[in-house]
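Working notes for the structure below.
Proteins get letters first, then strands, A, B, ... in listed order; numbering begins at 1 in each.
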Protein chains: 2
Amino acid sequence: MDEIKNKLFEKGLKITPQRLIILEAIYNISHPTADDLIKYIRKKHSNIAIGTVYKVLEKFIEVGLIKKITTEKDIVRYDGYMNNHHHFYSSDSTVIKDYIDEDLDKILEEYFKNKRINNFNIEEITLQIKGKFKK
Amino acid sequence: MDEIKNKLFEKGLKITPQRLIILEAIYNISHPTADDLIKYIRKKHSNIAIGTVYKVLEKFIEVGLIKKITTEKDIVRYDGYMNNHHHFYSSDSTVIKDYIDEDLDKILEEYFKNKRINNFNIEEITLQIKGKFKK
DNA sequence: GTGGTTGCAAACCCTTTGCACGGCA
DNA sequence: TGCCGTGCAAAGGGTTTGCAACCAC
């Protein structure tokens, strides 16, 4: 729990029970929706206001603690893993898996450097890889 | 307008004025939201019900005439260009631009073939390229 | 003729907002 | 103590739904 406190501290955020539990929840649930977080927190701890959850998430995004990710299925999810990474999206369920591949990142960087897209400054490239998980 | 009729016919859909105008609108607006479509149609023609627009779009997606695309900014947009392609997302506006690059598609296909991701069947790879358009 | 399609309005769901109270620094 | 964070409930905005009337085939 102390490393979670540190993360808040490093970003200059006040440490509150709500922020601690929300950040912990983000790290413990894979790509949660706001609703996933609320349920998780209400199960473990006492109550939390829905508005608070949204406000805290917004603040976390603002300071760069988490990211929003968007899926085909319209519901916003949150991701606490901040290094560059891609996502596998299941085409027959709501499952999302992270895909980390620094070799690929380098290939893409190189590719676009040579390509010289001259009216666009690339900041970030993310792959959405759709398909089916094998069982 | 006849090629639009053909597209509906090929997919086995009944040809109605609403479907014709919605599909035409999708081809004439870049990555429209549902609301963009409604406004476009109401400007050109007579009225159209909001519910109808959503139902028609859902049907088009079902038969593979269009795709949904999702952005950071939570609003669903529609895309009538069905060949594989990627998107540039402006990080300081809502502009989206298509990016077609068959060489890149081949490189990625090859890359993942060699990678042998063995618990996932890849169906489609889409790049989200975030950055800023130069003026 | 008849099943699919449309219009309309109400319902829904997720998210945002305003404000008074409460608690961290 | 002062200001930021929280809870609550109401409002907002986009999307979905149910049903009667309508129309393409």
Is there a side-chain contact between A:Asn121 and B:Phe133, using heavy atoms and a 4.5 Å cut-off?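 When only atoms from C-beta onward are counted, B:Phe133 and A:Asn121 do not touch, as no gap falls below 4.5 Å.
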Quick one: is [N] close enough that its OP1 or OP2 comes under 4.0 Å of any side-chain N or O from [X]?
X	N	value
A:Tyr54	C:dT16	no
B:Thr16	C:dT6	yes
A:Gln18	C:dG23	no

Integer-rounded Å distance: C:dT16 C1' and A:Ile38 CD1: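 After rounding, the reported distance stands at 13 Å.
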Can you tell me the distance, in whole Å, between the CG atom of A:Leu13 and the P atom of C:dG23?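 Result: 20 Å.
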Hey, which of these two, B:Ile15 or A:Ala49, hits DNA chain D nearer its 5' end, going by closest nucleotide? A:Ala49
Which of these nucleotides, D:dC8, C:dT6, D:dT15, is closest to any side-chain atom of A:Asn47? D:dC8
Please tabulate the protein-to-nucleotide N/O contacts below 3.5 Å involving nucleotides 11-13 of chain C, giving atom names and distances.
none

Does the side chain of [X] come under 3.5 Å of the side chain of [Y] through a donor N or O and an acceptor N or O?
X	Y	value
A:His31	A:Asp36	no
B:Glu24	B:Asn28	yes
B:His85	B:Asp101	no

Between the base of C:dG7 and the side chain of B:Lys55, is there any donor-acceptor pair under 3.5 Å? yes
